[in-house]
Amino acid sequence: MGNTGKLIAAQTLIRAIYRLLDGRKVRVLVDSWYMRRVFIESMLARGFDVIGQVRIDTWLCDEPPKRQKGQRGRPRKYGRKYTPKRIAHLKRTVVTLPLYGKEQEVRYRSKVLMARFLKGRLVRVVWCELKSEAGHWKKAHLLLSACQVPIDHRFSF
């Protein structure tokens, strides 16, 4: 609730310049304060992709299993939750990238999952860590990308 004013201001800014961007491929890169469902859905409704950092404990899960023939009850909305233990089993990639004006080592894990705060929308999530100058890995950050096009065809990590 504390970011309501910022969210309204951001949406007003986008509304003001929307006509200038019409027909172009737009990716909105935002600070973690703006990564809320109302803002993300507003950008997606305009045809924009959204990328930003979310809380590391964001509720993410697999797609639900297919319903078996003859199975009783309501179909599941969400699959198994992604826990730190499951995340640790994902393939880890280490790359060197030019960041903050110098070459930096980055290691990341990536997966297409459902985000509960986005009502089960499929998103690309990336857990990334930067290496400090002292040589140890800093704490992980969680980046999320919500797109209009089906996720599986857009990314190749």
> Taking atom CZ of Arg80 as the centre, does the number of heavy atoms from other residues, nucleotides or ligands within less than 6.0 Å exceed 12?
Replying inline: no

>> Taking atom CD as the centre, does Glu103 end up with more than 12 heavy-atom neighbours from other residues, nucleotides or ligands that are less than 6.0 angstrom away?
In response: yes

Is the shortest side-chain heavy-atom distance between [X] and [Y] below 4.5 Å?
X: Gln53; Y: His141; result: yes
X: Tyr82; Y: Val125; result: no
X: Lys131; Y: Val94; result: no

>> Checking Arg55 now: which residues fulfil side chain to side chain contact (heavy atoms under 4.5 Å, CB included) with it, not counting sequence neighbours?
In response: Asp57, Thr58

Looking at every non-hydrogen atom in both residues, tell me the closest pair between [X] and [Y] and how far apart they are.
X: Gly79; Y: Cys61; result: O-CB, 3.6 Å
X: Tyr100; Y: Leu130; result: CE1-CD1, 4.0 Å
X: Ile87; Y: Arg109; result: O-CD, 3.2 Å
X: Met114; Y: Gly120; result: CE-O, 3.2 Å
X: Arg86; Y: Lys81; result: NH1-O, 3.1 Å
X: Ile56; Y: Ala140; result: CD1-O, 3.7 Å

What is the distance from atom [atom1] of [X] to atom [atom2] of [Y], rounded to the nearest 0.5 Å?
X: Leu142; Y: Ser32; atom1: CG; atom2: OG; value: 11.0 Å
X: Leu122; Y: Asp62; atom1: CG; atom2: CG; value: 10.5 Å
X: Arg67; Y: Arg74; atom1: CZ; atom2: CZ; value: 10.5 Å
X: Met35; Y: Trp33; atom1: CE; atom2: CH2; value: 15.5 Å
X: Ile51; Y: Ile40; atom1: CD1; atom2: CD1; value: 11.0 Å
X: Phe48; Y: Arg27; atom1: CZ; atom2: CZ; value: 13.0 Å

>> I'd like to know if Leu144 and Leu29 are part of one continuous hydrophobic network [Ile/Leu/Val/Met/Phe/Trp/Tyr, side-chain heavy atoms within less than 4.5 Å].
In response: no

> What do the steps show when you test Arg107 against Thr93 for side chain to side chain donor-acceptor pair (under 3.5 Å), and what is the final call?
Replying inline: CA-CA 5 Å; Arg107 70 180 180 193; Thr93 305; over 6 Å; no

> Step by step, would you call Val28 with Asp49 a side chain to side chain contact (heavy atoms under 4.5 Å, CB included)?
Replying inline: CA-CA 6 Å; Val28 181; Asp49 296 343; over 6 Å; no

>> Determine whether Leu143 and Cys128 satisfy the following criterion, side chain to side chain contact (heavy atoms under 4.5 Å, CB included), listing intermediate values before the conclusion.
In response: CA-CA 8 Å; Leu143 304 176; Cys128 62; 3.9 Å; yes

> Can you list the steps and then say if Val50 with Tyr34 is a side chain to side chain contact (heavy atoms under 4.5 Å, CB included)?
Replying inline: CA-CA 10 Å; Val50 182; Tyr34 298 96; over 6 Å; no

> Stepwise, does the ring-ring contact (aromatic ring centres under 6.0 Å, His included) test hold for Tyr78 with Trp59?
Replying inline: CA-CA 11 Å; Tyr78 302 105; Trp59 203 99; 5.3 Å; yes

>> Checking the side chain of His89 only, and the main-chain atoms of Lys85 only, is there a donor and an acceptor separated by less than 3.5 Å?
In response: yes

>> Applying side chain to side chain contact (heavy atoms under 4.5 Å, CB included) to Ile14 and Thr12, what does each step give before you reach the verdict?
In response: CA-CA 5 Å; Ile14 294 293; Thr12 302; over 6 Å; no

> How far apart are the C-alpha atoms of Lys77 and Glu63, what are their side-chain angles, what is the distance that settles it, and do they pass the salt bridge (charged side-chain N to carboxylate O under 4.0 Å, His left out) test?
Replying inline: CA-CA 8 Å; Lys77 279 176 88 170; Glu63 290 185 73; over 6 Å; no

